[in-house]
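Below you'll find the structure, written out as structure tokens, and then a few comments.
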Amino acid sequence: SNPALGGVIEVPYETNYQSKTAILLDGDFCELANIERLDDTYYLNVGYFLPMESLIVGNQCHLVLKPVLMCNAVIADVSKLQDINFSLTIETTVGSNTKNYEIAEFKSDVDHVVSFDVQAEILNISAYLTATVKRKSNGSVQSLSSYFNSEYKFANDYAYQKHDFRRGYL
């Protein structure tokens, strides 16, 4: 295959990692090469965006989910995710409440927003997302998950984030 002419060599995923020797041929030139055939292993990373300004008691707050699906360190289409389950737990001084959300599908170019009412004296907000993806190499189903947790302190009905993930406790 000639790269100058737009040629591409596609190596399909293998059920298990394999390394094999191959002879690459282009016209009169040939070369011995080591080709690694990877199994398709997926990773899920979800960005959770919660605007502090909207955490006022009585307001409706919007949590934005930005999932990124990776297959062997290459970004994959998030629409491959199946069986998506999302739960949001809000812990207050009087107890905790968990709400489960059904998410039919994610799309790469669309933010997914989950809304909830801001209750008085929130101590902690945590989110848990699970999904599955079907592996191309062997048709098996791989389970994936992502977790978010943040602590808060309220004063005069306004929330202050108690934990800064970059600098430790404030």
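The figures that follow rest on heavy atoms only: side chains count, while hydrogens, waters and symmetry mates do not.
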What heavy-atom pair brings [X] and [Y] nearest, and what distance separates the two atoms?
X      : Y      : value
Val57  : Ala120 : CG2-CA, 3.7 Å
Thr130 : Ser145 : CG2-CB, 4.1 Å
Ala104 : Ile84  : O-CD1, 4.3 Å

Quick one: [atom1] on [X] to [atom2] on [Y], what's the gap to the nearest 0.5 Å?
X      : Y     : atom1 : atom2 : result
Leu55  : Cys61 : CG    : SG    : 4.5 Å
Ile125 : Thr89 : CD1   : OG1   : 10.5 Å
Leu129 : Leu88 : CG    : CG    : 11.5 Å

For this session: Report the C-alpha distance between Thr93 and Leu123 in whole Å, list the side-chain angles of each, state the deciding distance to 0.1 Å, and finish with yes or no for side-chain contact (heavy atoms from CB on, under 4.5 Å).
Result: CA-CA 7 Å; Thr93 54; Leu123 300 174; 4.0 Å; yes
Exercise. Is it the case that Asn124 and Asn149 place a side-chain donor and acceptor less than 3.5 Å from each other?
Worked result: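 Yes.
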Going by heavy atoms in the side chains, are [X] and [Y] under 4.5 Å from each other?
X      : Y      : result
Leu69  : Leu144 : yes
Leu44  : Pro67  : yes
Glu105 : Val78  : no
Leu65  : Ile103 : yes
Asp40  : Val133 : no
Lys99  : Val114 : no
Ile56  : Val118 : no

For this session: For atom CD of Gln60, decide whether the heavy atoms of other residues, nucleotides or ligands shown that lie under 6.0 angstrom number more than 12.
Result: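 Correct, the count exceeds 12.
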Problem set entry | Neighbour count >12 (heavy atoms, 6.0 Å) for atom CG, Leu32 |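 More than 12 heavy atoms, drawn from other residues, nucleotides or ligands, come within 6.0 Å of this atom.
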Remaining members of hydrophobic cluster (4.5 Å side-chain criterion), [X]:
X      : answer
Tyr147 : Tyr128
Val141 : none
Tyr43  : Val68, Met70, Ile75

Problem set entry | All salt bridge (charged side-chain N to carboxylate O under 4.0 Å, His left out) counterparts of Asp111, not counting sequence neighbours |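 Salt bridge (charged side-chain N to carboxylate O under 4.0 Å, His left out) list for Asp111, sorted by chain: Lys66.
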List for me each residue that meets side-chain hydrogen bond (donor to acceptor under 3.5 Å, both in side chains) alongside [X], sequence neighbours excluded, and say none if there are none.
X      : answer
Thr21  : none
Ser140 : Asn138
Ser96  : none
Thr92  : none

For this session: May I have all residue pairs that pass salt bridge (charged side-chain N to carboxylate O under 4.0 Å, His left out) and include part of residues 71-91, sequence neighbours excluded?
Result: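 Applying salt bridge (charged side-chain N to carboxylate O under 4.0 Å, His left out) to every pair that reaches into residues 71-91, excluding sequence neighbours, yields nothing.
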For this session: Kindly write out the residues that satisfy side-chain contact (heavy atoms from CB on, under 4.5 Å) with Asp109, not counting sequence neighbours, or none if the list is empty.
Result: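 Only Lys107 meet the side-chain contact (heavy atoms from CB on, under 4.5 Å) criterion with Asp109.
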Problem set entry | Sidechain-backbone polar pair: Asn100 side chain, Ser87 backbone, donor-acceptor under 3.5 Å |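 No, the answer is negative, given that no donor and acceptor are paired below the 3.5 Å cut-off.
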Exercise. Tell me, which pairs form a ring-ring contact (aromatic ring centres under 6.0 Å, His included) where one or both residues lie in residues 48-77, sequence neighbours left out?
Worked result: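 ring-ring contact (aromatic ring centres under 6.0 Å, His included) check on residues 48-77 returns Tyr48-Phe148.
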For this session: Sorted by first residue and then second, give each ring-ring contact (aromatic ring centres under 6.0 Å, His included) pair with at least one member in residues 90-119; sequence neighbours left out.
Result: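 Counting only pairs at least two positions apart or across chains, the ring-ring contact (aromatic ring centres under 6.0 Å, His included) contacts touching residues 90-119 are Phe86-Tyr101, Phe106-His112.
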